[in-house]
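Remember, predicted model here, so these are calculated numbers, not experimental data. We're numbering straight along the sequence, starting at 1. Atoms within each ligand, like the ligands themselves, are counted from 1 in listed order.
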Amino acid sequence: MSFNLEGRTAVVFGVANKRSIAWSIAQGLHKAGAQLAITYQNERLALEAKDLIVSLPGAEAFQCDVSKDDEIDRLFATLKERYGKLHVLVHSIAFAPAEALKGEFVATTRESFRIAHDVSVYSLVALARAAAPLMEDGGSIVTLTYNGSQRVVPRYNVMGVAKAALECCVRYLAYDLGKRNIRVNAISAGPVKTLSARGIADFSDMLKAHAERAPLKRNVNVNEVGATGVFLASDASSGTTGAVIYVDCGYNIMGF
Ligand code: NAP
């Protein structure tokens, strides 16, 4: 069993900047020898993302807004033409309107609920469906979740509900795709200071509470999340599918 990804092609969604969890996973995949395709959402973000992406020799940048079916179709047609096969897909994407991540969950509007689930959850299903035909030799799909799916984290609100749905999608996708030797797993990361995290009210309180209460008495480092991404992408995890693996310094086991 090996972490070696030479000869494998990976597509990574969700690199916004050098703090992104997806960037840490992409760097790990690159070190393990994978050929990388990295996507960015739109032209507005192209410049920063492209600068980063070209810093990984051989990595290529592609545009894809995952809320648009035609962009997903176009991307996978391009990936098929460019690489033939695909072995790894990393889904490190989430979005909810800012007002939904403040105040009370009970105030969530129909539109915020729809957007959060469309971008953060349905996108995994759409990407898995598009990637599966290219994963002829089997494959590994990895997504990112957070413990707000299992417990109430004030202000995480609709994103907690979306993460619960995402974790459930991981199980259903793992069942459907298992017969094609495609594995689907989630990493439940402890809080990491990224662009998205800045949108969550009281995020610094969250960081403080995790560091105080976690068995390891600290917050997780983004590279620890990245390393787990490489593990799940590689044959070292060949017997694991439908799982949610916590990389949170043990915070989730605590009752108080
Ligand atoms: P991040 O750097 O801001 O990454 C989030 C990514 O989602 C960005 O690249 C963003 O692209 C992308 N995205 C949003 N809407 C999109 C769309 N319609 N199409 C394509 N891409 C879209 O933040 P992150 O913390 O690394 O988040 C990555 C994942 O980890 C998320 O699923 C998040 O919930 C999860 N997670 C984060 C933490 C944490 O504490 N940071 C903890 C547990 C789990 P744009 O910037 O271009 O919009």
Next item on the list: For His30, enumerate each residue passing the ring pair (Phe, Tyr, Trp, His ring centres under 6.0 Å) test, keeping only those at least two apart in sequence or located in another chain.
Entry: none

Show me, pair by pair, the donor-acceptor contacts under 3.5 angstrom made by side chains of residues 92-106, not counting sequence neighbours?
none

Margin query: For His91 and Phe13, I'd like to know if the aromatic rings sit close, meaning centre-to-centre distance below 6.0 Å.
Written below: no

Pair up each side-chain donor or acceptor in residues 71-79 with any protein partner under 3.5 Å, not counting sequence neighbours, and list the distances.
from	atom 1	to	atom 2	distance (Å)
Glu71	OE1	Asp65	N	2.7
Arg74	NH2	Asp70	OD2	3.4
Thr78	OG1	Arg74	O	2.8

Next item on the list: Show your reasoning for whether salt bridge (Lys or Arg N to Asp or Glu O under 4.0 Å) applies to Lys68 and Asp118.
Entry: CA-CA 10 Å; Lys68 298 185 175 140; Asp118 183 21; over 6 Å; no

Put together the list of close N/O pairs, under 3.5 Å, between ligand 1 and the protein, could you?
from	atom 1	to	atom 2	distance (Å)
ligand 1	2 (O)	Ser20	OG	2.6
ligand 1	3 (O)	Ser196	N	3.0
ligand 1	3 (O)	Ser196	OG	2.6
ligand 1	9 (O)	Gly14	O	3.1
ligand 1	9 (O)	Ala16	N	3.4
ligand 1	18 (N)	Asp65	OD1	2.8
ligand 1	19 (N)	Val66	N	3.0
ligand 1	23 (O)	Thr194	OG1	3.2
ligand 1	23 (O)	Ser196	OG	3.0
ligand 1	25 (O)	Thr194	OG1	2.5
ligand 1	26 (O)	Ile21	N	2.8
ligand 1	32 (O)	Ile93	O	3.2
ligand 1	32 (O)	Lys163	NZ	2.9
ligand 1	34 (O)	Lys163	NZ	2.9
ligand 1	40 (O)	Val192	N	2.7
ligand 1	40 (O)	Val192	O	3.2
ligand 1	41 (N)	Val192	O	2.8
ligand 1	41 (N)	Thr194	OG1	3.3
ligand 1	47 (O)	Gln41	NE2	3.3
ligand 1	48 (O)	Gln41	NE2	2.6

Note to self: With a 3.5 Å distance limit and no angle check, can you tell me whether Thr108 reaches the backbone of Phe113 through a side-chain donor-acceptor pair?
What the structure shows: no

